[in-house]
Asks: 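My structure is below; once you've seen it, I'll send some questions.
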Amino acid sequence: MSLTIYNSLSRKKEAFKPITEGEVKMYVCGPTVYDHAHVGHAKLYTSMDVIVRYLRHKGYRVTYVQNITDVGHILDTGEDRILKGARRDRIEPMQVVETYMRSYLDDMDALKNVRPDIMPRAAAHVPEQIEATQKLIELGHAYEANGSVYFDVKSWENYGRLSGRKIEDQESGGRIETRTEKRNPEDFALWKAAPPEHILQWGSPWGRGYPGWHIECTAMATKYLGETFDIHGGGLENMFPHNECEMAQSEAMTGKNYSNYWVLAGSLTIDGVKMSKSLGNSLRIADALKKYPAEVIRLFILSAHYRGPIDISDDAIAAAQKGWERLLGPYNQAQQMRSAGAAESDDSNIDAIIAETTANFTKEMDDDFNAPKAIAHLFDFVHKVNTILNGDAPVAASTLEKIIALYDELVEGVLGLVPSAAGNADENAADRQDGLIKLLIELRAAARINKDYATSDKIRDQLKELGVSLEDGKGDTKYRIAS
RNA sequence: GGCGACGUGGCCGAGUGGUUAGGCAGAGGCCUGCAAAGCCUUGUACAGCGGUUCGAACCCGCUCGUCGCCUCCA
């Protein structure tokens with residue numbers, strides 16, 4: 001099986017060939033930590049998470065680097081975002097960074113996104129950024145002006161290659177601020193001179209100042225992954241100017257390709273419109289998680305291709321939740337049948353079903369990580385397994401184990417869609433709960449035999465109110481805990 | 001104005017030349033004490049107009065529309 005990836009740089013699907021056989025070096029632009037993360041972040045980082053999980057599933061040794069931007073991302077007012085957050089919250093800049101970085105990590109953990117291997121922080125890599133800036137000056141791709149340093153876009157003919165923009169096109173728009181100290185309006189800052197009152201500042205060969213936004217990714221990616229690495233991930237909306245500038249300065253600095261593959265994810269809208277601070281319609285991840293389990297949000301995100309846009313609405317998520325419950329049905333059922341003891345003989349064709357599902361899943365994921373199509377094959381699997389589990393024939397323990405193994409490997413291992421037992425409660429509590437529910441099921445069964453339907457329905461209705469649904473199958477009754 | 005993505009059945013959303021996407025919702029049936037879950041059956045969609053082709057949702061052109069970026073946001 002060979003993996004194909006759509007490369008935003010070539011605008012084509014390409015066979016994936018890592019620099020070193022069996023290894024993948026991957027960098028993803030991380031958040032600027034000056035506010036809580038919203039569901040747009042969830043879309044991007046969950047998409048990247050599944051890519052990393054799948055690469056590892058295929059056996060690649062992945063080094064996953066995602067930065068934390070804690071300095072240098074400047075608002076158009078010239079104000080640093082971190083400082084803006086500090087003023088708003090009336091706390092120190094580094095408190096802003098710590099607060100929102102922890103909040104971001106909490107959100108990502110709750111969404112079950114695996115932690116990157118390295119999460120370098122921009123403010124901790126100022127010397128590296130100064131060094132990169134210096135090198136660009138030496139090579140004639142950057143110049144100093146009044147204590148600031150700018151990248152000279154006209155010195156690098158490949159500028160615009162990633163986003164497909166030409167410098168001339170931008171000039172006609174006339175919307176770029178013309179700074180007299182810049183040689184070209186499109187030149188971007190590698191280093192900014194800081195006025196004395198600016199809280200975040202460092203010493204440099206050009207005086208006190210702070211790094212520009214784009215240079216951090218160049219400095220940190222090349223430090224931890226090398227001058228050329230395999231995959232650069234991020235959001236499509238950051239292709240220009242950020243990724244464009246990042247690539248230009250990196251390749252100008254090293255004379256080598258920066259990232260071999262650019263994997264950029266589509267944006268998220270909410271009720272048809274873009275989420276933005278100014279519209280006040282942003283939905284925090286933490287708030288979304290109060291309404292829906294992490295797995296439902298993941299399935300919702302993964303039900304559209306990562307490169308495409310996605311619109312979040314209550315209806316769409318509710319549909320995802322129903323789909324998720326169906327997806328998990330056989331898993332829950334198999335777990336209960338396993339604990340109840342199972343038949344020995346096995347005349348099901350489970351091996352063929354598993355093999356077919358795995359092959360189809362892999363084929364789709366190999367085709368530019370087509371999770372929605374891979375999930376469609378999982379629903380086919382659900383259908384076939386439901387027929388086995390709910391049929392008249394006894395189901396062998398080995399069959400149950402194979403079903404559960406497929407869920408563990410693909411549904412959870414690659415997609416992260418299986419909830420941990422009993423909502424992370426400790427095992428004793430989960431066992432106790434399981435025993436209590438089964439006791440009630442037994443009492444209800446006895447009542448039903450006696451045609452005491454008042455009692456049996458009372459048990460079922462009250463359990464339902466507690467979030468436990470009873471489902472009568474052939475011979476036995478299973479339960480399902482609402483999420 | 002420039003760059004880019006896109007417009008699929010009631011809804012969400014795959015699919016890039018000829019063969020079932022899938023999910024949600026809906027309808028009929030089986031099962032059930034009744035439900036639920038599950039199973040069976042059921043949906044002649046591809047923005048519009050031209051063109052290429054034996055054949056197009058898929059290729060080309062034009063038109064209309066939506067969204068993103070160019071300016072703070074992943």
Side-chain angles (χ1 to χ4, degrees), chain A residues 8 11 28-32 34-35 37-45 47-48 69 73-77 79 81 84 104 160 163-166 168-177 186 233-242 244 264-269 272-279 282 299-300 303-305 307-313 315-327 329-330 332-333 364 370-380 382-383 385-387 389-391 448 451-453 456-457 460-461 464 469-474 477-480:
Chain A
S8 291
R11 293 157 208 276
V28 171
C29 288
T32 302
Y34 74 115
D35 203 346
H38 52 67
V39 287
H41 295 95
K43 156 100 161 76
L44 172 62
Y45 297 115
S47 298
M48 294 298 141
T69 299
H73 200 166
I74 310 300
L75 296 159
D76 58 351
T77 55
E79 184 181 27
R81 292 182 190 197
K84 184 188 177 186
Y104 170 74
S163 62
R165 287 162 203 263
K166 295 185 177 65
E168 307 81 66
D169 295 337
Q170 304 307 306
E171 285 173 342
S172 67
R175 305 188 62 173
I176 293 169
E177 169 201 22
E186 304 77 18
L236 210 47
E237 75 290 331
N238 265 341
M239 185 190 241
F240 188 89
H242 178 61
E244 186 71 61
L264 304 180
S267 306
L268 179 142
T269 53
V273 289
K274 190 189 171 180
M275 251 181 359
S276 72
K277 303 271 192 296
S278 51
L279 286 175
S282 61
L299 179 61
F300 167 71
S303 65
H305 189 91
R307 272 192 285 120
I310 193 169
D311 185 60
I312 189 170
S313 64
D315 286 350
I317 295 227
Q321 170 131 21
K322 296 298 288 283
W324 178 67
E325 284 164 7
R326 176 171 168 78
L327 183 65
N332 294 328
Q333 198 171 338
E364 301 304 346
N370 195 333
K373 210 166 173 188
I375 290 168
H377 288 297
L378 292 178
F379 277 108
D380 291 339
V382 165
H383 177 252
V385 171
N386 273 333
T387 302
L389 296 181
N390 297 311
R448 290 175 73 203
K451 296 200 191 307
D452 178 6
Y453 296 123
S456 72
D457 287 352
R460 186 173 65 192
D461 293 345
K464 177 94 180 167
S469 306
L470 297 188
E471 294 164 1
D472 294 333
K474 289 189 201 288
T477 296
K478 307 209 170 47
Y479 70 89
R480 184 190 292 243

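Protein chains get the first letters and strands the later ones, always in sequence-line order, with residue 1 at the start of each.
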Asks: Contact class for A/Ser469 vs. all strands (heavy atom < 4.0 Å): base, sugar-phosphate, or nothing?
Replies: nothing
Asks: Stems in RNA chain B: runs of 3 or more consecutive Watson-Crick or G-U pairs, distances under 3.5 Å?
Replies: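 Correct response: B:1-7 with B:64-70, B:10-12 with B:22-24, B:26-30 with B:38-42, B:47-51 with B:59-63.
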Asks: How would you list, by chain and number, every residue that makes a ring pair (Phe, Tyr, Trp, His ring centres under 6.0 Å) with A/Tyr45, sequence neighbours excluded?
Replies: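 By the ring pair (Phe, Tyr, Trp, His ring centres under 6.0 Å) rule, A/Tyr45 matches A/Tyr104.
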Asks: At under 4.0 Å between heavy atoms, what does A/Leu327 touch on the DNA or RNA strands: base, sugar-phosphate, or nothing?
Replies: nothing
Asks: Check every atom of B/G33, B/G68, B/C39 against the side chain of A/Ser267 and return the nucleotide holding the closest atom.
Replies: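 So the nucleotide nearest the side chain must be B/G68.
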Asks: Which part of the nucleic acid, if any, lies within reach of A/Ser456 when heavy atoms closer than 4.0 Å are counted: base, sugar-phosphate only, or nothing?
Replies: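 It contacts base atoms.
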Asks: Could you pull out all residues at least two apart from A/Ser267 that satisfy side-chain contact (heavy atoms from CB on, under 4.5 Å)?
Replies: A/Glu237
Asks: Which nucleotide wins on minimum distance to the side chain of A/Arg448, given the candidates B/G38, B/A74, B/U32?
Replies: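 Taking heavy atoms from C-beta onward, the closest nucleotide is B/U32.
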Asks: Take atom CD of A/Glu471 and atom C1' of B/U32, then tell me their distance rounded to the nearest Å.
Replies: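 Roughly 13 Å, once rounded to whole Å.
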Asks: Quick one: list whatever passes side-chain hydrogen bond (donor to acceptor under 3.5 Å, both in side chains) with A/Ser8, sequence neighbours left out.
Replies: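 Expected list: none.
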Asks: Could you run through nucleotides 41-47 of chain B and give me one letter per nucleotide, 5' to 3': B if any protein heavy atom sits under 4.0 Å from the base, S if only the sugar-phosphate is that close, - if neither?
Replies: -------
Asks: Taking only residues two or more places apart in sequence or in another chain, which ones pass side-chain contact (heavy atoms from CB on, under 4.5 Å) with A/Asn386?
Replies: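 Residues passing side-chain contact (heavy atoms from CB on, under 4.5 Å) with A/Asn386: A/Arg326, A/Pro330, A/Gln333, A/Val382, A/Asn390.
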Asks: Taking side-chain contact (heavy atoms from CB on, under 4.5 Å) as the criterion, tell me which of A/Leu268, A/Val39, A/Thr269 meets it with A/Ile310.
Replies: A/Leu268
Asks: What pairs with A/Asp452 under side-chain hydrogen bond (donor to acceptor under 3.5 Å, both in side chains), at least two apart in sequence or on another chain?
Replies: A/Thr455
Asks: Between A/Asn386 and A/Lys43, just flag the one whose closest nucleotide in RNA chain B comes earlier from the 5' side.
Replies: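 Upstream on the strand: A/Asn386.
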Asks: So, OP1 or OP2 of B/C39: does either fall under 4.0 Å of a side-chain N or O from A/Asn390?
Replies: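 Checking B/C39 against A/Asn390, no side-chain N or O comes under 4.0 Å of OP1 or OP2.
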Asks: Considering only the C1' atoms, how many Å lie between B/C40 and B/A45, rounded to the nearest integer?
Replies: 24 Å
Asks: Apply salt bridge (charged side-chain N to carboxylate O under 4.0 Å, His left out) to A/Asp457 and list each qualifying residue two or more places apart in sequence or on a separate chain.
Replies: A/Arg460
Asks: Side-chain N or O of A/Asn370 less than 4.0 angstrom from OP1 or OP2 on B/G15?
Replies: yes
Asks: Rounded to whole angstroms, how far apart are CG on A/Asp457 and P on B/A35?
Replies: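 Computing the A/Asp457:CG to B/A35:P distance gives 11 Å.
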Asks: Could you tell me how far apart A/Asp461 (CG) and B/C34 (P) are, to the nearest whole angstrom?
Replies: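 Interatomic distance, CG of A/Asp461 to P of B/C34: 16 Å.
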Asks: By side-chain contact (heavy atoms from CB on, under 4.5 Å), which residues pair with A/Ala319, not counting sequence neighbours?
Replies: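 None.
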Asks: Between the main-chain N or O of A/Ser163 and the side-chain N or O of A/Glu244, is there a donor-acceptor pair closer than 3.5 Å?
Replies: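 Confirmed, A/Glu244 side chain pairs with A/Ser163 backbone.
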Asks: For the side chain of A/Arg480, starting at C-beta, report the closest nucleotide among B/G15, B/A35, B/A37.
Replies: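 Looking only at side-chain atoms, A/Arg480 lies closest to B/A37.
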Asks: Side-chain contact, heavy-atom cut-off 4.5 Å: A/Asn370 with A/His305?
Replies: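 Sidechains of A/His305 and A/Asn370: in contact.
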Asks: For A/Thr477, enumerate each residue passing the side-chain contact (heavy atoms from CB on, under 4.5 Å) test, keeping only those at least two apart in sequence or located in another chain.
Replies: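 Expected list: A/Ile441, A/Arg444, A/Arg448, A/Leu470, A/Asp472.
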Asks: Kindly write out the residues that satisfy ring pair (Phe, Tyr, Trp, His ring centres under 6.0 Å) with A/Tyr479, not counting sequence neighbours, or none if the list is empty.
Replies: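 With neighbours one apart ignored, the set is empty.
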Asks: With the sugar-phosphate defined as primed atoms, P, OP1 and OP2, and the base as all remaining atoms, what B/S/- string results for nucleotides 21-29 of chain B, 5' to 3', for protein heavy atoms under 4.0 Å?
Replies: BSSSS----
Asks: What nucleic acid atoms does A/Ala316 come within less than 4.0 Å of, heavy atoms only: base, sugar-phosphate, or nothing?
Replies: nothing
Asks: For the C1' atoms, the ones on B/C6 and on B/C58, what distance do you get once it is rounded to whole angstrom?
Replies: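 Result for the C1' pair: 15 Å, nearest Å.
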Asks: What's the closest nucleotide to the side chain of A/His383 if the choices are B/A74, B/C67, B/C39?
Replies: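 Closest nucleotide to the A/His383 side chain: B/C39.
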